[in-house]
Amino acid sequence: MRILSAVVALLLGAAALLVGIGQKTFWAPPEIATATLSAPLQDAPLTVIEPAVGEVHADAVDITIESSGEFTAALGRSGDVEAWVGDARHNVVSGVDAEEWILNAEYVDGEAEVPNPAGSDLWVATETADGQLVHRWTEPAEGDWSLLLSADGTEPAPATITVTWPNDASTPFAVPAIIAGALLIVLGLALAVRAGRGGRGRGGQAWDTAFTHRGGGQ
């Protein structure tokens with residue numbers, strides 16, 4: 001019975017250790033969460049990234065923007081961005097599904113051309129890039145802020161967007177599983193040792209009894 005208990009304890013301990021160590025290593029969640037578009041955006045002269053995108057995490061949120069050519073990213077108050085967009089055709093990235101790591105986005109049809117927002121004094125900050133830009137989401141002051149992406153008001157605005165932020169997903173059962181696994185293995189080894197000693201003791205006693213009977217017969 002002790003042997004069976006020892007085997008069970010050792011197996012359970014090994015399984016618990018595997019789960020605990022796995023959660024800290026090969027099953028560990030990535031340190032950075034990455035949200036992407038579930039489907040490609042349609043061609044439009046403007047792309048708007050709304051405030052909810054930057055609110056997916058309280059700390060650092062990085063927006064990676066890719067385009068086939070040169071483009072401008074303008075940060076402005078959401079009301080100013082909406083006024084600039086007006087009736088123009090555009091894509092809106094409205095938020096992040098933090099569970100599925102997907103960007104919520106939609107296409108809004110409208111006018112095919114819009115004035116080039118580059119150089120306007122409406123924006124508190126502008127960045128120009130060729131091919132790729134990583135924008136660290138910032139809010140210069142209280143209120144709602146949006147990011148407006150454009151090429152020149154006629155060519156398609158950037159439509160490949162990725163949002164990353166620190167992944168706070170934890171593994172609360174990793175350490176308890178490792179501790180439980182280690183204790184079970186120690187228990188299993190102890191039971192195995194006791195079972196081995198018990199077997200040797202019974203064997204020695206049987207041998208002594210048999211020897212005594214043979215001696216008495218003589």
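All residue numbers in this chain count up from 1 along the given sequence. Both backbone and side-chain heavy atoms feed into the values below; hydrogens, waters and symmetry mates do not.
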Are the side chains of [X] and [Y] in touch, meaning some heavy atoms are under 4.5 Å apart?
X    : Y    : value
S94  : E106 : no
S146 : P51  : yes
V96  : L103 : yes
P45  : R89  : yes
W123 : D80  : yes
V93  : V163 : no
L46  : S150 : yes

So does [Y] get a backbone contact from the side chain of [X], meaning a donor-acceptor N/O pair under 3.5 Å?
X   : Y    : answer
N91 : Q42  : yes
T47 : P158 : yes
W84 : P115 : yes

Taking all non-hydrogen atoms of both residues, which atom of [X] and which atom of [Y] are closest, and how far apart?
X    : Y    : result
T72  : A118 : OG1-CB, 3.7 Å
W101 : T34  : CB-O, 3.3 Å
F71  : S67  : CD2-CB, 3.5 Å
W137 : E50  : CH2-O, 4.0 Å
R77  : E142 : NH1-O, 3.1 Å
A44  : Y107 : CB-CE1, 4.2 Å

Out of curiosity, [X] [atom1] to [Y] [atom2], how far, rounded to the nearest 0.5 Å?
X    : Y    : atom1 : atom2 : result
E55  : D144 : CD    : CG    : 7.0 Å
L147 : I63  : CG    : CD1   : 6.0 Å
L149 : I65  : CG    : CD1   : 4.5 Å
D62  : I32  : CG    : CD1   : 8.0 Å
L37  : I102 : CG    : CD1   : 9.5 Å
D152 : N116 : CG    : CG    : 6.0 Å

State plainly whether one hydrophobic cluster holds both [X] and [Y], where clusters connect Ile, Leu, Val, Met, Phe, Trp and Tyr through side-chain heavy atoms under 4.5 angstrom apart.
X    : Y   : value
W145 : V48 : no
V108 : V81 : no
V53  : V56 : yes

- prompt: So does E139 have more than 12 non-hydrogen atoms from other groups sitting under 6.0 Å from CD?
  reply: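 Enclosed.
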